[in-house]
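Right, one structure below, let's go through it.
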Amino acid sequence: MTARLVSSYCEGEWVAPGAAGSEIFSPLDGALIGSCGDGDINFEEIAHFARTHGGNALRAMTFHQRAHRLKALATYLNERREQLYELSFLTGATWRDAMIDIDGGISTLFVYSSKGRREMPDSKIYRDGGIEQLSQSGNFLGQHICTPRLGVGVHINAFNFPAWGMLEKMAPTLLAGVPAIVKPATQTSFLTQACFAMMIESKIFPPGSIQLIAGGIGDLFDHLGAQDIVSFTGSAQTAGKLKGHEAFTVEGARFMAEQDSLNATVLGTDCTVESEEFTMAVREVVREMTTKAGQKCTAIRRIIVPSNLTKEFSKAVTGELTSISVGDPRNKETRMGALVSHRQKTDVLAKAQMLAEEAELVFGDREQFSSHEGAYMSPLLFHCSDPDSATNIHSVEAFGPVATIMPYRDTAHAIELVNRGGGSLVASIFTNDNKLAREFVEGAAAWHGRLYFANRHTGKEGTGHGSPLPHMVHGGPGRAGGGEELGGIRGVMHYMQRTAIQGNPDLLGAITDSWVRGSQEIHQGPHPFRMHFGELEIGKTFRSKSRQITLEDIEHFAEFTGDNFYAHMDEEAASANPFFPGRVAHGYLLLSFAAGLFVDPDPGPVLANYGLDNLRFLKPVSPGDSIYVRLSAKEKTNRNEEYGEVLWDVELFNQDDEPVASYNLLTMNAH
Ligand code: NAP
C-alpha cells in the first residue's frame, strides 16, 4: 500500500503534510498508512477566510436554502459511501462499525436538513418563542430572535468516529449559517479527509464554508474572538487543557466539550432471569462492549445489577462474549475488530489494570494478542463486589472493550451508583416498571445527558443505549463535558446569538418576515384566496361581514353533529357553569361559520386547508351575538415547485369588537 499524504484544505487549496508530520500506522498489521500534519498553514488567515468568504456566503442564504444544501450533500456522500468503508477498515472498524460511523454521519445530515426545513423559517432570522406584549395598547412588543454568529466554528474531533464526528458537528453549524474548520484526530484523519474531499468535490457549499486541518492547530486559538465557537470532542484531560486558553477566558469565544463518560446500565429490581428485560440487557451490554471495540464515548462501562442477579447476569454476558470473534475487521465472521492503534491498546490495558485493583476479571485474557502485530485485544469483563468503597470503577475510563459488573441493594442504591460517574452522556435502565423508571428520572436525570429506558414493549424498536440520535441531546453534565450537541434545533443554537428585539409591531414584523398583530393591514387588491403564493403579501388582510348566531343555529349544529353538550343545549345547567352566562354556541360552530365568512369558494390558488394551530376560544358567544373574522397572511414557507404553505393569523370578534376566538390557519397555496 502506498502511504497516503493526509492533506489539509485551507483557503481553497490542498496543503500537503510537512516533513515533521506524524506517521500513521495501521492497527491491523502495523504497516505505514500515511502521514499527517506540519503543513504550511497560516492559521490566522484560514480563520479570516472562513469568516469572510464562508460566513458571508452562508449568511446570504436562508435556513431553508442551507437545509436544501445539507440534503444535497447527504445524497452526494450516500452515493459514494462504500468508497469510505474500505478506508474505515484501516481504523480497526468492522463493516458494522463503519456503517455506524459513515451512514450514521450521513443520516445526521439528512435529519438536520429535514428539521431545518420544517422547524426553521425560510428566512435569515430565527424567532425564538412568541411575541411578548410589553405595553398596554400593544404598540410596544418584544421578540427573541437568533442570528448566526459572525465567526467560525472550530471542530476538534476524537479518533473514534472519523466520519460521524465531522458530519454531526458540521450539520448544525452550516444550518446556522456559520463556516466550519474541522480538525480530526490524527490517527484516523485519513478517513475524515477522504469524506471531506468528497464534500469539496461536490461544490455544494460555497468556498470558505468548510476547511480541514490535518495535524496540529498551531496558533489558531490566538486568532479566535468573541464570535467564534470551538466544539471539542475527546478526553477530559485535553478539554481541560484547551479551555484555559485566553481565546475563551479573555476574548469570550464559546467553548463546548463532549468528553469521556463512565456510562452505566441498570437492570431494574423488577427483572428476573426469565424476564425479557434480562435478556435484552445482556445483549445490550455485549453489543456496547464490542461495537467499535468499545471505543465509543457512550459505551456501557458500568453494569449495575440487583445483588441477587449478579452471578446469573455475569454468566449470561460471559456466555455471549465467548461467541465474539476478534480479528481482522475485513473478515465477514469478525464481530470485533482492532483498537485504533497500539498506543490506544496500551492505554486501555493500563486502565484495565487500575480496574483490576478493585474488581476481579471474570471474562477475557489481558495477554491474548500480546505478541500480535495488530492492536487486537480480548473483551474484558470485571466484577466488583464492593462498588461503594471502589473509586476507579466509577472514574477510570478504559476506552476499549472493557466493562465492570457491580451489585446493588435497592433502587436508591442503584441511583447512587449510577450518579457516581460524575456526569455521563447516557445511562440505560432495563425495567418494565414505570414507577421505578420515574424514580430513576427524579434521582438521576440531573447527572445524565440522556436516559434510555428499554423493556419488552420497546423491544427491537429501541435505537440502543449507545446511539446518539440527531433528534435527541448528545452531551452530558459534569465529567461528560457539559456540552449539548445535537438535540434537533437545540444543536443549531450553539452557533447563533440570541437577541431580544423590542419595538413596534410593524418593525418586528419587518425583521422577522412575518405579520405581527397590531401591524398595518393590507386591504387593496383581490380577496387573499385569489392570490398565488408568490403574489400574496405578508399582511394581506380580509375582514368579513358579520353573522348573527341564533338558537336555531346552535340546535341545528347539535343535532347535525351529535354534540349535545349541556353548555349548548341546557339553559339551567349552562347557567350553573362558572364559564357560561347560559346556553352558548359550540366553539366548532364558530370555526365553521368563520370559514363560511372568509372562504372565497371558487377553484383558485388555495389548494388545501392543512390544519389549525394555537386555537383558543376566548369568550363565550350567546344566541343573538354576532361574529366577524379578520384573516391576515402572517407567514409564508415555500414547500416545493408546485405550492407553498401560508400561515394565516385569524381572529373572530363579537359585535362589541371583543375577540372570541383566535388561531392560525395553514393553507397550501399554488405558485
Ligand atoms: P484526545 O486525545 O483528547 O484528542 C481529541 C482531539 O483533540 C484530537 O483531535 C486531538 O488531536 C486533539 N488534541 C489533542 N491535544 C490537542 C491540543 N493540545 N490542541 C489541539 N487539539 C488537541 O481524545 P481521543 O483519544 O482522540 O478520543 C478518545 C476520548 O474521546 C475518550 O475519552 C472518549 O470518551 C472521548 N469521546 C467523547 C465523545 C463525546 O461525544 N462525548 C465522543 C467520542 C470520544 P490529535 O489526534 O492530533 O492529537
Side-chain angles (χ1 to χ4, degrees), residues 6 8 17 21-24 35-39 43 91 100-101 104-105 108 154-166 168-169 181-193 212-222 224 230-245 247 255-263 292-301 339-341 343-348 351 395-400 402 421 423-426 448-450 466-469 473-487 491:
V6 185
S8 300
S22 311
E23 289 186 320
I24 306 168
S35 71
C36 168
D38 187 41
F43 293 95
T91 69
I100 295 172
D101 183 31
T108 303
V154 176
H155 299 164
I156 302 180
N157 292 327
F159 68 77
N160 57 340
F161 286 108
W164 178 83
M166 169 171 68
E168 63 101 15
K169 280 190 165 77
I181 297 177
V182 182
K183 183 259 176 289
T186 297
Q187 178 63 33
T188 52
S189 55
F190 54 91
L191 175 51
T192 311
Q193 191 237 26
L212 180 81
I213 302 174
I217 57 165
D219 62 357
L220 179 62
F221 282 7
D222 295 343
L224 299 186
V230 171
S231 176
F232 169 84
T233 298
S235 61
Q237 199 186 4
T238 311
K241 201 156 59 182
L242 299 186
K243 71 181 169 205
H245 193 280
F255 185 83
M256 301 185 293
E258 301 287 342
Q259 295 167 191
D260 44 52
S261 173
L262 271 296
N263 313 294
K292 291 283 296 181
Q295 300 163 110
K296 266 187 350 171
C297 52
T298 49
I300 296 171
R301 307 283 173 213
L339 272 75
V340 75
S341 65
R343 217 178 96 206
Q344 184 63 20
K345 179 177 161 180
T346 306
D347 184 66
V348 173
K351 302 273 173 59
S395 61
V396 175
E397 183 200 40
F399 200 60
V402 183
S424 89
L425 297 171
V426 52
H448 307 276
R450 181 160 62 89
S467 310
L469 300 175
V473 162
H474 174 60
R479 172 166 186 155
E484 207 183 69
E485 275 185 352
L486 303 177

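Numbering of ligands and ligand atoms starts at 1, following listing order. Positions are given from 1, in the same order as the sequence printed here.
The residue Phe161 has no part lying near ligand 1, judged by heavy-atom distances below 4.0 Å. At a 4.0 Å heavy-atom cut-off, ligand 1 touches Pro184 through the backbone alone. At a 4.0 Å heavy-atom cut-off, ligand 1 touches Asn157 through the backbone alone. Residue-level proximity to ligand 1 for Phe399 is carried by the side chain, the only part with a heavy atom below 4.0 angstrom. For Thr186, heavy-atom contacts with ligand 1 shorter than 4.0 Å involve the backbone as well as the side chain. Using a 4.0 Å cut-off between heavy atoms, Ile156 contacts ligand 1 through its side chain alone, with no backbone atom that close.
Between Ser231 and His155, the side chains place no donor N or O within less than 3.5 Å of an acceptor N or O (distance only, hydrogens not considered). A donor-acceptor contact under 3.5 angstrom links the side chains of Asp222 and His245, judged on distance only. Looking only at atom types and distance, the side chain of Asn157 has a donor-acceptor partner in the side chain of Lys169 under 3.5 Å away.
By the 4.5 Å heavy-atom criterion applied to side chains, Pro162 and Asp101 are counted as neighbours. With contacts defined as side-chain heavy-atom distances shorter than 4.5 Å, the pair Phe399/Asn160 qualifies.
For atom 38 (C) of ligand 1, the nearest non-hydrogen atom of the protein is Cys297 CB, 3.0 Å. Ranking protein heavy atoms by distance to atom 35 (C) of ligand 1, first place goes to Gly234 O, 3.3 Å. Counting protein heavy atoms only, atom 18 (N) of ligand 1 is closest to Leu242 CD2, 3.9 Å. Nearest to atom 15 (N) of ligand 1 among the protein's heavy atoms is Thr238 CG2, 3.4 Å. At the shortest separation from atom 23 (O) of ligand 1 among protein heavy atoms lies Ser235 N, 3.4 Å.
Within ligand 1, counting atoms from 1 as listed, the ones closer than 4.0 Å to a heavy atom of Ala158 are 26 (O), 27 (O), 30 (O), 43 (C), 44 (C). Short contacts between ligand 1 and Phe159, defined as distances under 4.0 Å to a heavy atom of the residue, involve ligand atoms 24 (P), 25 (O), 26 (O), 27 (O), 28 (C). Interface of Asn160 with ligand 1, defined as ligand atoms under 4.0 Å from a residue heavy atom, comprises 43 (C), 44 (C). With ligand atoms numbered from 1 in the order given, ligand 1 contributes 8 (C), 9 (O), 46 (O) to contacts under 4.0 Å with heavy atoms of Ala185. The atoms of ligand 1 that sit less than 4.0 Å from any heavy atom of Ile217 are 20 (C).
A donor-acceptor pair under 3.5 Å links the side-chain atoms of Gln259 to the main chain of Arg479, judged by distance alone. With hydrogens and angles disregarded, a donor-acceptor distance shorter than 3.5 Å links the side chain of Asp260 to the backbone of Ala236. In this structure, the side chain of Thr186 does not engage the main chain of Gly215 through any donor-acceptor pair within 3.5 Å. Proximity of a side-chain donor or acceptor of Asn263 to a complementary backbone N or O of Cys297 within less than 3.5 Å is detected.
In this structure, of Arg479, His245, Gln259, His474, the residue bringing a heavy atom nearest to atom 40 (O) of ligand 1 is His474. Of the listed options Thr192, Thr233, Leu486, Thr233 places a heavy atom closest to atom 5 (C) of ligand 1. Compare Arg301, Glu397, Lys183 by their heavy atoms: the one nearest to atom 21 (N) of ligand 1 is in Lys183.
Ion pairing between Lys351 and Asp347 holds under the 4.0 Å rule for side-chain N and carboxylate O.
Remark: of the listed residues Gln187, Lys292, Lys345, Gln187 is the sole one forming a side chain to side chain contact (heavy atoms under 4.5 Å, CB included) with Val340.
Under the 30°/60° scheme for interplanar angles, the aromatic rings of Trp164 and His474 are found to stand perpendicular.
At a distance under 4.0 Å, no protein heavy atom can be found next to atom 48 (O) of ligand 1.
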